[in-house]
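First the structure, in the form of structure tokens, and then the observations on it.
Values below: every heavy atom of this structure, side chains too, minus hydrogens, waters and symmetry copies.
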Amino acid sequence: MKILVTGGAGFIGSAVIRNIIDNTQDSVVNVDSLTYAGNLESLSLIEDSERYAFEKVDICNRAELERVFSTHKPDAVMHLAAESHVDRSIDGPAAFIETNIVGTYTLLEATRSYWSTLSQDKKDAFRFHHISTDEVYGDLEGTDDLFTETTSYEPSSPY
Ligand SMILES: NC(=O)c1ccc[n+]([C@@H]2O[C@H](COP(=O)([O-])OP(=O)(O)OC[C@H]3O[C@@H](n4cnc5c(N)ncnc54)[C@H](O)[C@@H]3O)[C@@H](O)[C@H]2O)c1
């Protein structure tokens with residue numbers, strides 16, 4: 001498979017990419033705009049792999065995302081790019097609304113546009129995996145309470 005990972009220069013995304021390159025035969029294209037939270041040194045051990053490519057692209061940029069999809073033709077998306085530090089959202093929510101909401105929406109639309117061009121087999125196999133946080137679903141009531149795939153969003157902050 002070729003997996004498009006967003007936010008691959010971040011804390012979790014870089015570990016995901018190192019794991020894919022080290023422990024599978026899959027390829028990765030890392031889409032990251034390198035905000036203050038991104039650090040390519042986290043990928044220094046795998047950056048020379050023929051199965052790794054880096055695209056410095058903002059997920060809010062639809063035209064650039066379409067270029068990335070048509071160049072790399074991924075089989076799946078793992079979406080980790082985010083403004084991820086909740087405390088920063090209290091003082092400055094704008095970047096959170098841009099990346100977490102507008103950026104996720106733009107990535108979903110670019111993915112759908114690309115997905116619609118695939119063969120039926122590839123459409124059926126394609127996955128969009130959004131790695132996010134419990135913050136978007138609000139609070140659980142107790143230890144028996146669970147979120148499911150049909151749980152509605154109930155965010156408790158701009159984060
Ligand atoms: N770190 C944790 O403990 C934790 C726990 C639960 C959930 N999460 C969630 O997992 C996801 C990843 O978390 P993380 O800790 O790796 O985050 P991080 O802040 O370490 O990394 C985020 C990455 O996204 C990139 N990025 C930010 N805005 C971008 C944009 N507009 N376009 C392209 N790239 C952009 C940054 O450059 C950075 O490399 C987030 O959604 C976060 O909420 C993290």
Residue list, side-chain hydrogen bond (donor to acceptor under 3.5 Å, both in side chains) with His130, at least two apart or on another chain: none
Residue pairs meeting ring-ring contact (aromatic ring centres under 6.0 Å, His included), one or both in residues 31-66, sequence neighbours left out, come to none
Applying ring pair (Phe, Tyr, Trp, His ring centres under 6.0 Å), can you list everything that pairs with Tyr137, at least two apart in sequence or on another chain? Phe147, Tyr153
Please examine the side chains of Leu4 and Phe69, heavy atoms only from C-beta on, and report whether any two atoms are closer than 4.5 Å. yes
Are Ile21 and Val28 close enough that some pair of their side-chain heavy atoms sits under 4.5 Å apart? yes
Could you list all the salt bridge (charged side-chain N to carboxylate O under 4.0 Å, His left out) pairs where at least one residue sits in residues 96-118, not counting sequence neighbours? Glu109-Arg112
Taking Leu107 as the starting point, is it possible to reach Val31 by hopping between hydrophobic residues whose side chains are less than 4.5 Å apart? yes
Give a yes or no on whether the backbone of Lys2 and the side-chain of Ser27 come within a donor-acceptor separation of less than 3.5 Å. no
If hydrophobic clusters are built from ILVMFWY residues whose side chains come within less than 4.5 Å, do Val68 and Leu118 share one? yes
Report the residues that fulfil side-chain hydrogen bond (donor to acceptor under 3.5 Å, both in side chains) with Thr104, sequence neighbours left out, ordered by chain and then residue number. His79
So salt bridge (charged side-chain N to carboxylate O under 4.0 Å, His left out) across residues 32-61, not counting sequence neighbours, yields Glu55-Arg67
Using a 3.5 Å distance criterion without hydrogens, assess whether the side chain of Lys122 forms a donor-acceptor pair with backbone atoms of Ser119. no
Indicate yes or no: at least one non-hydrogen side-chain atom of Asn61 is less than 4.5 angstrom from one of Thr106. no
May I ask you to test the Thr99-Ile59 pair for a side-chain heavy-atom distance under 4.5 Å? yes
